[in-house]
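What follows is one structure encoded as structure tokens, with my remarks underneath.
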Amino acid sequence: MTKIRDCNLMTVYESLFSAFGPQLWWPATGPEEMIIGALLTQNTNWKNVEKALSNLRRNNLLSFPYIIKTPLSQLEKMIKPAGYFRQKSQRLKALAETIVATGGLDSLDLLTTIELREWFLRQSGIGPETADSILLYAFKRPVFVIDAYTLRVCKRHNWLNDKDDYRKAQKFFIRKLPLKVNIFNEFHALLVQIGKNFCRTKKPLCQECPLEPFL
DNA sequence: CCCCAGGCGTCCA
DNA sequence: TGGACGCATGGG
């Protein structure tokens, strides 16, 4: 077993932020579009998600009340480019119905962060990453989002063990960072960019990884 | 042809 | 609790 390297995450964050600047996530015009995008981007290239979002936007369907009124077959056609389109259409419609029935996002915003997280985890098609993304980027709650890139980067750099899971990784970041929405927001986005560009699945630790000088 | 992408639910040991 | 599998399109 490899020895876990210690690291100062705040230093890593500040270095990445200085080098790459604010990532300005989430790329959406509002909370509804953000939530829809979060569902659509599951295990899917964001480029494909943009096509689906653009289809929905063209039909005024970046809105839960309108999604409810649209037949599933229509939603499927628009969501098709995002992959898993039958599952995603069905889950998006069900989520829209539940949110509207609950009184909309303003009502949900009255819940505590823990309650809100549990509420979203109860919805079909929403797991830990999607729930946490929604909490951070739509509801501005201080929740650190873990995704495949984040896990990969942490494990490649031996900040985490190969067997460590979502919750372990989340605790790791929370323990080492101030609980600030802005930091969680930018840090996660920066990690995704690093993962995309310098930490590919099939390759070992990339020598040109911008994180290298900071370790 | 292959692998990969900002996961999740289900099933089974 | 944890590993395997299906879901599906589009780009490299």
Side-chain angles (χ1 to χ4, degrees), chain A residues 13 16 20 22-29 31-56 72-96 98 117-139 141 143-156 160-171 173 181 183-204 206 209 211:
Chain A
Y13 168 70
L16 287 178
F20 297 97
Q23 304 297 298
L24 306 176
W25 272 24
W26 186 288
T29 58
E32 287 188 308
E33 180 178 341
M34 186 275 144
I35 292 170
I36 295 166
L39 269 182
L40 296 186
T41 199
Q42 289 171 359
N43 203 36
T44 300
N45 191 312
W46 181 255
K47 267 305 203 182
N48 290 355
V49 176
E50 285 182 320
K51 291 172 187 167
L53 285 175
S54 136
N55 289 340
L56 291 169
L72 198 54
S73 57
Q74 298 278 332
L75 291 177
E76 288 181 350
K77 285 184 190 127
M78 291 180 265
I79 288 175
K80 194 157 196 159
Y84 308 130
F85 60 92
R86 294 188 187 86
Q87 285 188 349
K88 285 176 178 175
S89 307
Q90 196 278 326
R91 289 167 178 178
L92 174 59
K93 190 164 181 177
L95 179 66
T98 312
R117 186 173 199 268
E118 286 170 352
W119 190 92
F120 275 102
L121 286 177
R122 263 179 258 128
Q123 312 309 315
S124 169
I126 297 188
E129 182 189 337
T130 309
D132 289 341
S133 298
I134 292 171
L135 262 63
L136 178 62
Y137 291 105
F139 288 89
R141 306 299 178 94
V143 175
F144 203 95
V145 179
I146 305 299
D147 64 353
Y149 289 125
T150 306
L151 276 178
R152 194 187 308 157
V153 169
C154 288
K155 291 176 182 182
R156 291 282 176 81
L160 294 173
N161 287 308
D162 280 339
K163 301 298 293 179
D164 285 343
D165 61 0
Y166 191 99
R167 177 147 296 283
K168 193 74 184 294
Q170 202 170 38
K171 283 181 181 169
F173 281 94
V181 171
I183 293 178
F184 286 8
N185 178 326
E186 292 296 338
F187 205 166
H188 173 66
L190 285 162
L191 282 168
V192 171
Q193 297 313 320
I194 292 295
K196 273 185 183 172
N197 297 307
F198 303 101
C199 198
R200 315 310 305 278
T201 47
K202 300 295 282 186
K203 300 183 180 174
C206 176
C209 178
L211 283 175

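In the text below, chain A, chain B and the rest are named by the order of the sequence lines, each starting its count at 1.
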Round to a whole Å and report the spacing from CG of A/L92 to P of B/dG7. 18 Å

Does A/K163 place a side-chain N or O at less than 4.0 Å from the phosphate oxygens OP1/OP2 of C/dG3? yes

Looking across every strand, which nucleic acid part, if any, lies under 4.0 Å from A/Q87 by heavy atom: base, sugar-phosphate, or nothing? base

Between A/S124 and A/H188, who's closer to the 5' end of DNA chain B by nearest nucleotide? A/H188

Donor-acceptor under 3.5 Å (A/Y137 side chain, A/N185 main chain): yes

How many Å lie between CD1 on A/I126 and P on B/dT10, as a whole number? 14 Å

For atom NZ of A/K196 and atom P of C/dG11, their distance in whole Å: 15 Å

Please report, rounded to the nearest Å, how far the P atom of C/dT9 is from the CD atom of A/Q42. 17 Å

Expected output: side-chain A/K155 to main-chain A/D164 donor-acceptor under 3.5 Å: yes

Tell me if the aromatic rings of A/F187 and A/F173 count as close, with their centers under 6.0 Å from one another. yes

So, is A/K51 close to the C/dG11 phosphate, meaning a side-chain N or O under 4.0 Å from OP1 or OP2? yes

Nearest whole Å is fine: how far is B/dG7 C1' from A/L151 CG? 12 Å

Take atom CH2 of A/W46 and atom P of C/dA8, then tell me their distance rounded to the nearest Å. 20 Å

Under 4.0 angstrom, heavy atoms only, what part of the nucleic acid is A/Q23 near: base, sugar-phosphate, or nothing? nothing

Any donor-acceptor N/O pair, A/T44 side chain to A/G83 backbone, under 3.5 Å: no

Rounded off to whole Å, could you give me the CZ-to-C1' distance for the A/F85 and B/dC8 pair? 17 Å

Which part of the nucleic acid, if any, lies within contact of A/D147, taking any heavy atom under 4.0 Å across all strands shown: a base, the sugar-phosphate backbone alone, or nothing? sugar-phosphate

Can a donor-acceptor pair be found, under 3.5 Å and without considering hydrogens, that links the side chain of A/Q170 to the backbone of A/I146? no

Where the side chain of A/N43 is concerned, which of B/dA5, C/dG6, B/dG9 is the nearest nucleotide? B/dA5

Please pick, from B/dG9, B/dG7, B/dA5, the nucleotide with the shortest atom-to-atom distance to any side-chain atom of A/R91. B/dG9

Using the P atom in both, what is the distance from C/dG10 to B/dC8, to the nearest Å? 22 Å

Side-chain N,O (A/R86) to OP1/OP2 (C/dA8) below 4.0 Å: yes

Atom pair distance, as rounded to whole Å: CG in A/L39 and P in C/dA8: 14 Å

Would you indicate, yes or no, if B/dA5 has its OP1 or OP2 atom less than 4.0 angstrom from a side-chain nitrogen or oxygen of A/R152? yes

